[in-house]
Amino acid sequence: MDMLQFILITSGAIALVGVVCGTALAVAARFFAVHEDPRIEKVAEILPGANCGGCGLAGCTEYARAIVVDGAAINLCAPGGNEVIEQIAAFLGREATAAKKMVALVLCGGNDTQAQKRHAYNGVADCTAAQAVNGGDKACTYGCLGYGSCSRICPVAAIEICDGLAKVHPELCISCGACVKVCPRNIIKMVPADAPVHVLCSSHDKGPVVKKMCKVGCIGCTLCTKQVENQAITMDRFLAVVDYSKETPGKAAAEKCPVNCIIAADDSSSDAQPEVLQNENN
Amino acid sequence: MTQYILLIISAVLVNNFVLTRFLGICPFLGVSKKLPTALGMCGAVVFVMTSASAVTWLVHRFILIPLGIDFMQTIAFILVIASFVQMVDIVMKKTAPALHGALGIFLPLITTNCAVMGVAVLNVQLTHPFLKSVVFGFAASLGFALALIIFTGLREKIDRANPPKCFQGVAIALVTAGLLSLAFMGFSGLVR
Amino acid sequence: MPNLKFCKMKIIKAPYKSWGGIHPRYHKDLAADRALREMPLPELLQISMSQHLGAPAKPVVKKGDSVMQGTLIGEAAGFISANVHSPVSGVVKDVVPAITLTGAMIDSVVIEPDGEDKRVNDLAPLADWQAVAKKDLIARVAAAGVAGMGGAGFPTHVKLSPPPDKTIDTLIINGAECEPYLTADYRLMLESPERVWLGVSILRHILGAKTVRIAIEDNKPEAIRAMEQAMRNADGDVAIVELATEYPQGAEKQQIFAITGREVPSGGLPMDVGAVVENVGTAAAVFDAVFEGMPLIRRITTVTGLPLNAPGNIIAPLGTSYRALIEACGGCADTVKLISGGPMMGIAQAIDTVTTTKTTSGLLALGAPDVSLYESMPCISCGRCVDACPMNLVPSELSQYLEAEDYEGAEELHVMDCIECGCCAFSCPAHRPLVQHMRQGKARVMLKRKKK
Amino acid sequence: MAEAIDKQDHLFVVSSSPHTHSGASVKAIMLDVIIAMLPLTGAAIYLFGWNAIRLLLVCVISCVATEAACRKAMGRNAGIDDLSAVVTGMLLAFNLPPALPSWMAVTGSVIAIALAKQVFGGIGYNPFNPALIARVALLISFPVAMTTWSPWIMAAPAAGIDALTSATPLGAFKSAIDFGQTVPYLTNSTTFMQFFVGHQNGCIGEVSSLAILLGGLYLLFRRCISWQIPAFYLGSVAVLSTLIWAVAPDKNLPPHLHLVTGGLMLGAFFMATDMVTTPVTRKGMAVFGAGCGILTVLIRVWGGYPEGVSFAILLMNAVTPLINRATRPRVFGTGKKKS
C-alpha cells in the first residue's frame, strides 16, 4: 500500500463519517427548524449588553426583539447613548432621534449631620425595609434614608452612600432609571446631565417644620424664584422645583438660598459630588 | 451481570468522571446554578455520552481498525461527538427553547467536552466490548449527572454565602468542588 | 329563636393540635389583676381617620365644629372602611394629617373635649334585636363603625356579609389573647362576660352559624369560669374551647384549625372553610352598637411593661395619646422601646404623641434589659424557625432568598402564606430579622401581582 | 447591646416585630456544645494522658488563631466571640490519633478554619463540616501518621484484649478479613463493655462511647441537637450491620460492636449534628441520619478504608441542600383538598 493510497483511504473514511453525520444533521435541522429574524441578534450585538432594564424590557435581547419585531423606538437605550442609536438606525435604515443625556439625582441634601432622626432603627439595612417599619427613621418624611437600596441596585456602582445620604456620580450614571424605581421615598429623579441648577430637597413641609428637622431643607422662602428668569424655578407646596425644560443659569439662586439646598452647575463638581468612589463592602 | 453492576458503581462513585478523573469540569461549573437547568444538562449529557460511546465504538471497530487508521481516532471521535451535540442542540432549540436558552454556550461546549471524549477513548484503551462500552458510557454520564446534581444543590447554598471578594464566583465554586471530591475519596477501594 | 333547651355549658379541650408555635415569657401578671378603669379625659384627642384595616375614613367635620359623643366625624370611604365617631363632646380644633401608629401621615380630627359628655342619639338602642332583619343589624354594625378589636381592625360589617355562595356554619369567638403582656380581653371576659355573650348571640344570629365556639387559652381559668357563668342559658351547639397555652393560638388560621381541624386554604379566607372568627372585644362592641346604640368610641387598652410604674387596663377614648396613657399609669422611667400592641406582633413607635385607635389592644413599654436587637448574622441552619413556624414554612430558607432579592423563589416557597406571627424571629439564635424579611418579600410580591 | 441602646439617647428603638426574643444565641449554643464535650475531654485525658491535652490545646489555640486571622484579613467585624472556632478545634482534636505530631494538628486546624469555613464567609456559610474536612484532608495527606494508633495509656498487658497491636478494632478486623486470619473480638463476651467505656485504640475522642453518650444526652436535653440525626444514624447502622452479619457472621462484625467502635458514636452525636451543614427540617434530619448510616456501613464493609464515618457525613453534607429542598414541609392550607 503506497502512501498516496493510504492517505486517500484515510481521508475518504473520515469524509464518509463526516458526510453521514452531516446528512443526519441536515435532516434534523429541517425537522426542527426554528425561524427567527436574524436582525434581532445583530441589533442585540449593537446594544451594550448591560441588561440594565432601563429601556423597560427584560434585557438587551428583549429590547432588540422589540425594536425589530414590534418597531419600538430606538432611542430608549440610555447606556448606549447616541452612538448605539446611530448604529441601529444605520443597520435598520431608521431615523436616528437622539435622546438627551440624563442622569439620576438624589433630591435630598440631608445627611446624618444635617438631618434629624425620629427613631433608632434596628433591622434590615435596606431603604424599603426601613420605610416599612414605622415610616423610616429620618424625621423628614421626604428625606433620603441612606440605607442604600439605590446603590445596591445600580448596575454600574454609580451611587455612593456618604454619611447616610445617597449620592449619584453623574459621570458614571448610565441613566437606566433603576434607582428611581427602587427608592421608596421617590426622591431620585432623572435630570438632564447639563442642567445648570438643582434644588436638593423634596420636602413639601412648611418652613418651620422643615427647619426643625433638617438644616439644609427647602423652607419655601421663594427667594430663589426671584433670582431666575422665565420661571425656571417655581414653588410647589412650599418646595422650590426646577423646571428642567427651561435653561437658566442658577448661580444667583444658589447664592441667595438661605439654607444652601440649591446647587448651581459651576460649583456642583467640587462641592456636591465627591470625586472618589469608596469601596462599598457591606 | 455482576461485572456490569461493578462497572456502574465504579464509574458512578469510585472513579467519578468529574470528581475523581476531573473530566467535564466546564459544564460542571457552568450549568450548576439552577437545578432545573442542571437536570436538563444531565439529560443531554446522558444521551450524548451513551450514544456517542456506542457510535464511536462502532466507528472504531468497523471503520478505523479494518482500514488500519486508528491513529485518526481523535479526529473521527470529535466528528461524531460534535454531530451528536449539534443534533441535541437543534432538537432542544425546537422542543425546549427555555432550557436551550438557559444552557447557552455550555450545550455546544459538550462537543469538545473531555468527559464525552474521555469515555470514548477509555473504551478503546480498556478494550471494552460493545455492550460494555455502552454501559460504561451510560454509567460515566450517570456519574457526571450525580456530581452535577449534588454540586448544584451546594452551589445554591454557596451563591448565598459571603466569601471574601477574591474568592467570589468561580473560585469558591472550585474550592467547593475540591472539598466534594475529598468526600468522594471515601468511595475509593469500594470496587477492587 | 329555636327551642330554648337549658343545658350546662360545655367546656372542651381543643381537639386538634396546630403546628409549630412557641412559649414566650408571658408577663401577664403585670396587669392581669388590675381592674378595668377609665382614665381622666385628655386635654386633646387626635382621632385618626385610619382606625381600621382598609381605606381611611373621610372626615366630615371641619375646624370649629362642635361635636357630641357619638357624632359621626369620619365617613367610611369604600366597602372595606369604617365610620369614625367622636368619643367626647367638644370642639373640633383642627383636621390635619398626623403620624399614625404605622408611621403613615393620615388625616386626623383633633377635638378638645368640653368634659360634659353630651351624647348624640343617632343610633336608637335595639333591645329586641332578634326581631330586626339581619340586613339592618349589619347596617347598624357598619353605622357604629365596629372594626376587629383583636389587632388587625378588619371592618366587622364586611366579615358579617359573606358572599351568598359561602355558608358560615361555625362562629369562633377569639378570647385566646395569646400575645404576651396583654390582658385587655381577659379583663373584658372577667368583668363583662354578659356583654360579650350577648354580642356573640347577635353575631350568631346575623351569621346563622350553627356552631359557636368561645376560644380561651387554658392559662385563663377565671375568664373561662366567668364566660361559663354568663353563657349558662345558651342553647344549641355552643361551647367554650380550652386552647393549649401556646403562641400563636389566637391567630385566626391556627385557631380555626385547633377547633375544627379545617385548614384555611393558602390565599383564602376563614369563610372558605365556613368559619368566622371575631374577637371578644368585637363581640362586646357589637353588643354596644346594637343593644345600646353606642358606636365604637373607646376601647380597653392594656398599658403595661416592666418600666411602667402602675400597669393597668384602661378604658380610653379613641385618639388618646400614648403619652397620656402612660401618665395615667403612673408614668415610666427609661423606656427604650414603645410598642403599640403586644411584643410579638405589635408596632414599635417612634414617638409617644401617636394616639390610640380601635385596634390598640395594648401599649407596651420595654426597658433596655427587655429589648433584643436584631443583627444580620448569617443563618446557622439550626432549624428552630422551621419547628416554630405555625404555617409550616421554612423561614430560614425564605429569608435567605429574600436577602438575595429572589422574590420569585420566595413566592414559590409560599412567602405570601406567612402570618407574620414572629415565632421564627423569636426563636432565631442568630437574631435574624426574619419577619422583616417576610414583610418585605410579601410587599414586593404584592407589588408584582398588582402590576400584572 | 446595652451600650448600643444607651448611645441612642432619647430616641426610641424601632424595629419590625417581634419585639421579644427567646434569648437563644449562637454563642449559647456553642457553649452548650463545649459543655457537652467535657465528659469526652475527661475521658480522652484519662485514656491518652498528655497526648490528649496536647492535641486539644494545639487544635483549639490554632483554630481560634486562624479564625481571628481570617476575620482580620477579610476585614469582617464579627470575630471569634461566638466560640465556634473553639468547638471546631475540640472536635478536630477528638478526631485525631493520640500520637499525631503537633504540626500536623496545626495544619489540620488551618485547613478546618481557613479552607473549610472562612473561605465561604465564616459561620453559617460552610457547606461541609470543617473538622471533618480537616480530618479527611489529614488522612489523605498523612496516611501513616493518621493511622498510627499508640495505645491508650491504661492498656497494660494485663488487659483482656490485645491493645498493643497498634490498630483500631475496625482496622484490625479489616486486615484480618483481608489476610484471611482469625477474626478477633468475635468470641470474647466482655469486649463490648470494654469498648463501650473506651478501652480500645482510636482517635482520642471517639473511643469512649460512654462519655459521648453523656454529652449527647446533655445536648438532647438542651435541645441543641434534634434526636432524629443520632437516632436514624445509629439505627440504620444497627439494622444494616445486623442484616449483613446475619448473612455472613464469620466475615462481619456483629452490630453491637459496629456501634461502639470507630468514630460512629462521636459522629452520630457531635459531627453529624452540626447545625450549619445538616438539614433544617425534621424529616430532612432523619433522611440525613439514615443516609450517613448507610454510607458508613457501605464504606466499612466494602470500602477501602476501615472507617467511613467522616466520609459518610461529608457526603451527606454535600447533599444537604438537596435534602432540604426535598423535605420542605407541607405549607398550612396547601396540598390538601379543603374540607
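Given the structure is predicted, the values throughout are model-derived calculations rather than measurements. Residue numbering restarts at 1 for every chain, and letters A, B, ... go by the order of the sequence lines.
Atom NZ of K42(A) sits in a sparse spot, with 12 or fewer heavy atoms from other residues, nucleotides or ligands closer than 6.0 Å. Atom CZ of R61(B) sits in a sparse spot, with 12 or fewer heavy atoms from other residues, nucleotides or ligands closer than 6.0 Å. Around the CD atom of E45(A), the shell of radius 6.0 Å holds more than 12 heavy atoms that belong to other residues, nucleotides or ligands. Around atom CD of Q3(B), more than 12 heavy atoms belonging to other residues, nucleotides or ligands sit under 6.0 Å away.
When all heavy atoms of L25(A) and S83(B) are compared, the pair lying nearest together is CD2-O, 3.5 Å.
No part of V55(B) comes within reach of chain A, as not one of its non-hydrogen atoms sits under 4.5 angstrom from that chain. Looking at F84(B), there are no atoms closer than 4.5 Å to chain A (heavy atoms on both sides), in backbone or side chain.
Looking at heavy atoms from C-beta onward, T10(A) lies out of side-chain contact with L67(B) at the 4.5 angstrom threshold. The shortest distance between side-chain heavy atoms of I90(B) and F31(A) does not fall below 4.5 Å.
Rounded to the nearest 0.5 angstrom, M72(B) CE and I14(A) CD1 are separated by 4.0 Å. Going from atom CD1 of I9(A) over to atom CD1 of I63(B) covers 13.0 Å, rounded to the nearest 0.5 Å. If you take CD on Q86(B) and SG on C21(A), they are separated by 11.5 Å, rounding to the nearest 0.5 Å.
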